[in-house]
Amino acid sequence: MNQNKSYTSSFILLTTLFFLWGFITVLVDSLIPRLRELFTLTYFQAGLVQFAFFGAYFLLSIPASYILSKIGYKRGIILGLCTMALGCVLFYPAASYRVFGIFMLAYFILAGGMTILQVAANPYVAVLGSEDGASSRLNLSQAFNSLGTAIAPAIGALFILSDKIKSSEEIDALSLSAKEAYLSSEASAVQKPFIGLAVFILLIAGIFLFAKLPKLMSEKTEGTYSAAFKEKNLMLGVLGIFFYVGAEVAIGSYLVNYFLDMNLVDVIKENSLMRSIAESILNSGLTENDNKAIVGVFVTFYWSGAMIGRFVGSYLTKIIKPGKVLGIFATIAIILIITSISTTGLVSMWSILAVGLFNSIMFPTIFTLAIDGIGELKPKGSGLLCTAIVGGALIPPLYGYFTDQIGFKSALFFIIICYTYILWYGYRNSKKILV
């Protein structure tokens, strides 16, 4: 009874971390329009922000797992939180001095802290109970990660983007004193939320400092990466994470352009239900908004589908073999993409948006299947799996290249290949032929 109570309280505490890094990841995205003006960035420089995020996962996941094997999971979580807090604090001088390099350093450190948390928290939640329930628990924790990503845009709009951002031309037209006053107010709008976040993160670190987490894994292990590389199912899972993150980010990143390419603005305006949805989200008439905003509001359904799917997936993976659920969801994703390719109008739009719902369980399910049965190698396995998140930096540009060559719809067959691999990996694990 006491053990179950300990597991429950520890699970709730760890789940707050999933919410936290989901919330912060999207909140930083809300900064980009303001940062472009504050730092006078080119679009290329603005694009480097995402590379700083995914680069942290690629460069730091394996070192993070090594650190965890030396200091333990609890201290690792505290280290990750303190690193995140440091990154948030650095937003203050970055905004004050308007130096893009300091901002990039701050974002990299912030992402580095989240990397440590991911490497520590994902396997910890997976073993916080029976092995049969690992996928269910991680899906539930990841659902709260999605809740964080769903709430962050509203918070960002309220506290970071609430006032009108001037264009470069408008800023240049200001007098020297007015320009300095405007940029100072812009800096303050960036600084206050992130100093508040730093304080909040440090409070959570303090809670973990005094929390009693059950010791479930051998943390100071003699396992090596050479041993981890020999675990075939783990390495196949690393590829699965690579393809999943890449495919999800590729679809999400190009949805607005895809919808514009299909001339969906007029279709939305002519459909009373779609028009009503767009106007309610934009809180204004469609004639007052840019075409990108009109189709962009529907992208919300792609990302919010992940949250709904993870809550449902937490139940499904409890009553059905996780590998089978993964295979079914990947199959449906493929069918939906083919539907979008072969149709036009609202059918094409909603079928590709629905892929988000079936993306939902893929990361946590692949993760738990990959580390299942590897014992003391879990920290190293977690590091390798989190490194594969770099797929989000590599696959979207490839999809963009294919789009330039053969168009959006034909390029989606490249994304289908990614989901086909995930389908195979789920099928492989549902059969339990892990040789």
Aromatic ring centroids of Tyr421 and Trp424 under 6.0 Å?
yes

Using a 3.5 Å cut-off and no angle test, enumerate the donor-acceptor pairs between side-chain atoms of residues 381-401 and protein atoms at least two apart in sequence or in another chain.
residue : atom : partner : partner atom : Å
Ser382  : OG   : Val119  : O            : 2.7
Thr387  : OG1  : Gly383  : O            : 2.8
Tyr399  : OH   : Phe408  : O            : 3.3

Checking Ile352 against Ile337 for the side-chain contact (heavy atoms from CB on, under 4.5 Å) test, could you report, in this order, the C-alpha distance in whole Å, the side-chain angles of both residues, the deciding distance, and whether it holds?
CA-CA 6 Å; Ile352 198 71; Ile337 294 171; 4.1 Å; yes

Check side chain to side chain donor-acceptor pair (under 3.5 Å) between Ser146 and all other residues, then give those that pass, not counting sequence neighbours.
Arg310

Heavy-atom closest pair, residues Tyr57 and Gln118
OH-NE2, 3.1 Å

So OG1 of Thr331 and CG of Leu423: to nearest 0.5 Å the spacing works out to 4.0 Å

Please round to the nearest 0.5 Å and tell me the distance separating atom OG1 of Thr16 and atom CD1 of Ile12.
10.0 Å

Can you give the donor-acceptor pairs under 3.5 Å from side chains of residues 239-246 to other protein atoms, not counting sequence neighbours?
residue : atom : partner : partner atom : Å
Tyr244  : OH   : Glu248  : OE1          : 3.0
Tyr244  : OH   : Glu248  : OE2          : 3.0

Do Phe298 and Val256 come close enough that some side-chain heavy atom pair is under 4.5 Å?
no

Counting N and O atoms only, with roles assigned by atom type, does the side chain of Asn233 sit under 3.5 Å from a partner on the main chain of Leu369, one being a donor and the other an acceptor?
yes

Criterion side-chain contact (heavy atoms from CB on, under 4.5 Å) on Leu264 and Met274, from CA distance to verdict
CA-CA 11 Å; Leu264 286 180; Met274 296 301 103; over 6 Å; no

Can you tell me how far OH of Tyr302 sits from CD1 of Ile251, rounded to the nearest 0.5 angstrom?
4.0 Å

Has Tyr258 got more than 12 heavy atoms of other residues, nucleotides or ligands less than 6.0 Å from its OH?
yes

CG/Leu209 to CG/Leu202 distance, rounded to the nearest 0.5 angstrom?
11.5 Å

With side-chain contact (heavy atoms from CB on, under 4.5 Å) as the criterion, how do Leu353 and Leu255 come out once you've worked through the C-alpha distance, each side chain's angles and the decisive distance to 0.1 Å?
CA-CA 8 Å; Leu353 289 174; Leu255 279 177; 3.9 Å; yes

Considering all heavy atoms of both residues, which atom of Gly252 and which atom of Val299 are nearest to each other, and what is their separation?
O-CG1, 4.4 Å

Check the angle between the aromatic planes of Trp21 and Phe18 and answer parallel, tilted or perpendicular using the 30° and 60° thresholds.
tilted

List the atom of Leu326, the atom of Gly426, and the distance in Å for their closest heavy-atom pair.
CD2-CA, 3.7 Å

Taking all heavy atoms of Ala333 and all of Met362, pick out the closest pair and write down the distance.
CB-CE, 4.4 Å

Does any part of the side chain of Phe402, heavy atoms only, come nearer than 4.5 Å to the side chain of Ile415, both counted from C-beta?
no

Is Phe329 close to Ile422 at the side-chain level, that is, under 4.5 Å between some pair of heavy atoms?
no

Walk me through whether Asn257 and Thr403 qualify under side-chain contact (heavy atoms from CB on, under 4.5 Å).
CA-CA 11 Å; Asn257 301 98; Thr403 297; over 6 Å; no

Any non-hydrogen side-chain atom of Leu197 less than 4.5 Å from a side-chain atom of Phe194?
yes

side-chain hydrogen bond (donor to acceptor under 3.5 Å, both in side chains) with Thr365: which of Asn139, Thr317, Asn429?
Asn139

Under 3.5 Å donor-acceptor, Ser61 side chain and Phe58 backbone:
no

Using a 4.5 Å cut-off on heavy atoms from C-beta on, say whether the side chain of Ile204 contacts that of Leu17.
yes

CD1 (Ile24) and CG (Leu117) are apart, to the nearest 0.5 Å, by 9.0 Å

Nearest 0.5 Å please: distance from the CG atom of Leu14 over to the CZ atom of Phe208.
5.0 Å

Are the side chain of Ser430 and the backbone N or O of Tyr427 linked by a donor-acceptor pair below 3.5 Å?
yes

Just wondering, do Ser360 and Ile308 contact through their side chains at under 4.5 Å, heavy atoms?
no

Any donor-acceptor N/O pair, Ser314 side chain to Phe311 backbone, under 3.5 Å:
no

Would you say Asn122 and Gln142 make side-chain contact, with heavy atoms under 4.5 Å?
yes

Which atom pair, heavy atoms only, marks the closest approach of Gly76 to Ile116?
O-CG2, 3.3 Å

Over all heavy atoms of both residues, which pair between Ser141 and Val125 is shortest? Give the atoms and the distance, please.
OG-CG1, 3.7 Å

Thr15 side chain reached by Leu140 side chain, heavy atoms, under 4.5 Å:
no

